[in-house]
Q: 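This is the structure, below, for whatever I ask next.
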Amino acid sequence: MARVLQTTNDANFMHQVLTQLEATLEATNSVVQELLRNSEPGAAFSASRMLPDAAFFAKGGPAERDVDEPILMTLAENAELELPMERLIALRNQRYQESHPRYWAIANFDLHSSKPRLFVFDVVAKETSSYLCAHGRGSEGANDDGIADVFSNVEGSKATSLGIYRCAETYQGENGYSLKLDGLEETNSRARSRAIVVHGADYVSPRFSHRYGRIGRSEGCPALDQLVARKVIEQLKQGSLLMHWKTP
């Protein structure tokens, strides 16, 4: 009888602990989301607003800088993206020294939306792949011509934000399998609160581009062809760096 009572007490105690822990996690999440929502669009970017970095130290690429950096620069040179690649490498070396992604990415918004303009660089295979990639409808200004000219970090702008992003966790959302992004610069610091993510979209495809002369536009997300979205997300998740680039 004593054992039964002890077991019951233990079970009740564990239930109370788990309930309190769940409540604490929910409260913490609410605080974080509120901080993100209340961040001023024009405020200087602060690293302290970021979520913890440790879970996003990628290990798929070479651990030595003198190995991955020359490969990345050669691949970037072939794509005429040396300057943004230099910035990506510099940020990694300054902030994420323990991170060694296999895949790095640059969305080149100098290019028309009918052109493959998301470049994914593989430092292990030493290869570059390119894909169609949407910009936000707020980035075209008065013209609907497939060229991104306007960039914004403001809530509700529906525009693409330039700058470097950390590719974070995946989730299932209204657009299917998607990849959350953390903006690492003042120009894109509201990526989380704006729900700027990588996802697949029916309006991003060669067929759509052939019919309309351009692909469709997103709400600011770098949306991809449904046929390749999962592949790219799997490559970039958990620590790769992505840059939205436009030549100054």
Side-chain angles (χ1 to χ4, degrees), residues 41-42 75-88 104-121 128-165 167 173-176 178-181 183-191 193-233 236 241-248:
L75 295 175
E77 181 179 2
N78 293 336
E80 300 183 348
L81 291 169
E82 301 99 308
L83 184 55
M85 182 58 75
E86 288 176 355
R87 287 189 53 194
L88 281 174
W104 302 57
I106 299 173
N108 183 8
F109 290 112
D110 286 338
L111 299 178
H112 190 272
S113 71
S114 63
K115 306 293 184 182
R117 56 183 178 176
L118 175 68
F119 295 84
V120 178
F121 305 95
T128 303
S129 302
S130 58
Y131 307 96
L132 293 172
C133 178
H135 56 253
R137 64 180 66 253
S139 287
E140 291 198 4
N143 299 318
D144 179 12
D145 57 5
I147 295 291
D149 293 313
V150 180
F151 301 93
S152 176
N153 192 33
V154 176
E155 197 82 36
S157 66
K158 299 182 180 180
T160 293
S161 297
L162 297 180
I164 299 174
Y165 297 81
C167 300
E174 61 182 25
N175 292 306
S178 304
L179 174 65
K180 291 189 177 182
L181 300 173
L184 302 181
E185 302 188 276
E186 183 177 354
T187 54
N188 63 0
S189 59
R190 294 178 61 85
S193 63
R194 293 182 61 209
I196 302 302
V197 303
V198 180
H199 64 81
D202 294 335
Y203 53 78
V204 182
S205 69
R207 181 178 180 181
F208 192 105
S209 176
H210 179 74
R211 181 174 182 180
Y212 296 103
R214 58 159 178 79
I215 60 173
R217 298 153 301 170
S218 68
E219 301 292 296
C221 297
L224 304 177
D225 189 328
Q226 294 278 21
L227 296 178
V228 302
R230 177 171 286 272
K231 172 187 174 181
V232 174
I233 289 172
L236 299 181
L241 296 177
L242 160 68
M243 185 171 194
H244 288 176
W245 169 257
K246 179 85 170 181
T247 301

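Residue numbers run from 1 in the order of the sequence given.
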Q: Residues two or more places apart in sequence or in another chain: which of them pass side chain to side chain contact (heavy atoms under 4.5 Å, CB included) with S209?
A: S114, I215
Q: Check side-chain hydrogen bond (donor to acceptor under 3.5 Å, both in side chains) between N78 and all other residues, then give those that pass, not counting sequence neighbours.
A: none
Q: Hey, what do you get for CZ (R207) to CG (D202), rounding to the nearest 0.5 Å?
A: 11.0 Å
Q: Can you list everything that forms a ring-ring contact (aromatic ring centres under 6.0 Å, His included) with F208? Sequence neighbours excluded, please.
A: Y212
Q: Counting C-beta onward and ignoring hydrogens, is there a side-chain heavy-atom pair between Q226 and S205 closer than 4.5 Å?
A: no
Q: Tell me whether N153 contacts the main-chain N or O of R190 through its side chain, where contact means a donor paired with an acceptor under 3.5 Å.
A: yes
Q: Test side-chain contact (heavy atoms from CB on, under 4.5 Å) on L236 and L241 and set out the steps.
A: CA-CA 8 Å; L236 299 181; L241 296 177; over 6 Å; no
Q: Test of understanding: with side-chain hydrogen bond (donor to acceptor under 3.5 Å, both in side chains), list the residues that count as partners of S161, not counting sequence neighbours.
A: R194
Q: Specify the closest pair of heavy atoms between T160 and H244, including all atoms of both residues, with the distance to one decimal.
A: CG2-ND1, 3.6 Å
Q: After noting the C-alpha distance and the side-chain angles of D225 and Y131, does the key distance pass the side-chain contact (heavy atoms from CB on, under 4.5 Å) rule?
A: CA-CA 8 Å; D225 189 328; Y131 307 96; over 6 Å; no
Q: Looking only at heavy atoms, which two atoms of L179 and C167 are closest? And how far apart?
A: CD2-CB, 3.9 Å
Q: Ignoring hydrogens, what is the shortest heavy-atom contact between A105 and L118? Give both atom names and the distance.
A: CB-CD1, 4.2 Å
Q: Is atom CG of D149 surrounded by more than 12 heavy atoms (other residues, nucleotides or ligands) closer than 6.0 Å?
A: yes
Q: Quick one: are P222 and L181 in side-chain contact, heavy atoms under 4.5 Å?
A: yes
Q: On a heavy-atom basis, which atom in P116 and which in L111 lie closest, and how many Å separate them?
A: O-CD1, 3.8 Å
Q: For F119, enumerate each residue passing the ring-ring contact (aromatic ring centres under 6.0 Å, His included) test, keeping only those at least two apart in sequence or located in another chain.
A: none
Q: For the residue pair F151 and K246, establish whether any side-chain heavy-atom pair is separated by less than 4.5 Å.
A: yes
Q: For A229, check side chain to side chain contact (heavy atoms under 4.5 Å, CB included) against everything at least two apart and list the hits.
A: L224
Q: Could you tell me which residues satisfy side chain to side chain contact (heavy atoms under 4.5 Å, CB included) with E77, sequence neighbours excluded, listed by chain and number?
A: E82
Q: Does R117 have any side-chain hydrogen bond (donor to acceptor under 3.5 Å, both in side chains) partners at least two apart in sequence or in another chain, and if so, which?
A: H135
Q: Answer whether the closest heavy-atom distance between the side chains of W245 and L162 falls below 4.5 Å.
A: no
Q: What pairs with R230 under side-chain hydrogen bond (donor to acceptor under 3.5 Å, both in side chains), at least two apart in sequence or on another chain?
A: none
Q: Within the 3.5 Å criterion, strictly below it, is a donor on D110 or T247 matched to an acceptor on the partner's side chain?
A: yes
Q: Compare every heavy atom of H199 with every heavy atom of C221, then report the nearest pair and how far apart it is.
A: CB-NE2, 3.7 Å
Q: Got a sec, which pairs hit salt bridge (charged side-chain N to carboxylate O under 4.0 Å, His left out) with one end in residues 137-146, sequence neighbours left out?
A: R137-E219, E140-R217, D144-R214, D144-R217
Q: Just jot down the side chain to side chain contact (heavy atoms under 4.5 Å, CB included) partners of A159, sequence neighbours excluded, or say none.
A: S139, S152, S157
Q: What distance separates I233 CD1 from S178 OG, expressed to the nearest 0.5 Å?
A: 5.5 Å
Q: Under 3.5 Å, is there a donor-acceptor pair between the side chain of K180 and the main chain of I196?
A: no
Q: Could you tell me whether the side chain of I106 reaches within less than 4.5 Å of the side chain of L242, counting heavy atoms only?
A: no
Q: Going by ring-ring contact (aromatic ring centres under 6.0 Å, His included), name the residues that satisfy it together with F121, two or more places apart in sequence or in a different chain.
A: none
